Amino acid sequence: MMTRASKDTLTIALPKGRVMKQALKIFAKIGIEPLENMEESRKLIFDDKKNGLRFLVVKPTDVPTYVEYGAADIGVAGKDVLMEQERDVYEPLDLKIGRCRMMVAEPAALSAKDDPSQWTSIRIATKYPNITEKFFASKGVQVEMIKLYGSIELAPLIGLAERIVDLVETGETLKQNGLVEVEEIMKITSRLIVNRASLKIKGARIAEIIEGLRKEVEGS
Ligand code: PRP
């Protein structure tokens, strides 16, 4: 099986999951789309040799890695992932999809008697230890970090940590688990990211994509 793409191929890493549909939609608007339905297939590579395109299905947290190493020329990654990992990629455009917020949350019962301005030392469960560390360091709050990989909202319910830092989109997960938002750390959207070498080697083609997407985003 041939896996290496030629210099004439543009490889695009798309995040598997919630943002995939919106990402495919915005690329389709500028005429860049896979030949097959990527969401229904279990394949991970989708080639369109005629148009010199290759799409990769990548775990959202791995998109910046593929792009930094040039395994993909461009990709779609959440600002959460980019801030957490600080990888060396070019980030030319906010695609304004995958909108959510990064929040500090805690059980409603705790929140009723809690005063965040009085926090000096707290324990936080999160997928985002670097963002959490920076946010609380700037406020002079010491954090004991419990790194988790998913189902973060479970942690306060069984006493693993009193509080969490996690993404909130509709708020439904917090609500169904008796948690409330305490503080917003930042607003999140998905960004177009580009490998720095590809930007030079495939400059004209990538510039056209960036400008095409920019027009779509600004017009929407
Ligand atoms: C994300 C996030 C929250 C939830 C927020 O989790 O970590 O748990 O979505 O969405 P809502 O506000 O619309 O309920 P995801 O589904 O990606 O799974 P995870 O538990 O693996 O992080």
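Keep in mind it's a predicted model, so treat the numbers as computed, not measured. Each ligand, and each atom within it, is numbered from 1 in the order the structure gives.
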- Item | Cation-aromatic face contact Lys25/Phe27, 6.0 Å, 45 degrees |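 Negative - Lys25 is either too far from the ring of Phe27 or too far off its axis.
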
Check: Do Arg196 and Ser198 meet the criterion of a side-chain donor-acceptor pair at a distance under 3.5 Å?
Finding: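 No, no side-chain donor-acceptor pair sits under 3.5 Å.
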
Do [X] and [Y] sit within salt-bridge range, that is, some charged N less than 4.0 Å from a carboxylate O?
{"X": "Lys79", "Y": "Asp94", "answer": "no"}
{"X": "Arg101", "Y": "Glu169", "answer": "no"}
{"X": "Glu184", "Y": "Lys187", "answer": "yes"}
{"X": "Glu86", "Y": "Lys134", "answer": "yes"}

List the protein residues in contact with ligand 1, where contact means a heavy-atom separation under 4.0 angstrom.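 The answer is Arg18, Lys127, Gly150, Ser151, Glu153, Asp166, Leu167, Val168, Glu169, Thr170, Gly171, Glu172, Thr173, counting any residue whose heavy atom sits under 4.0 Å from ligand 1.
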
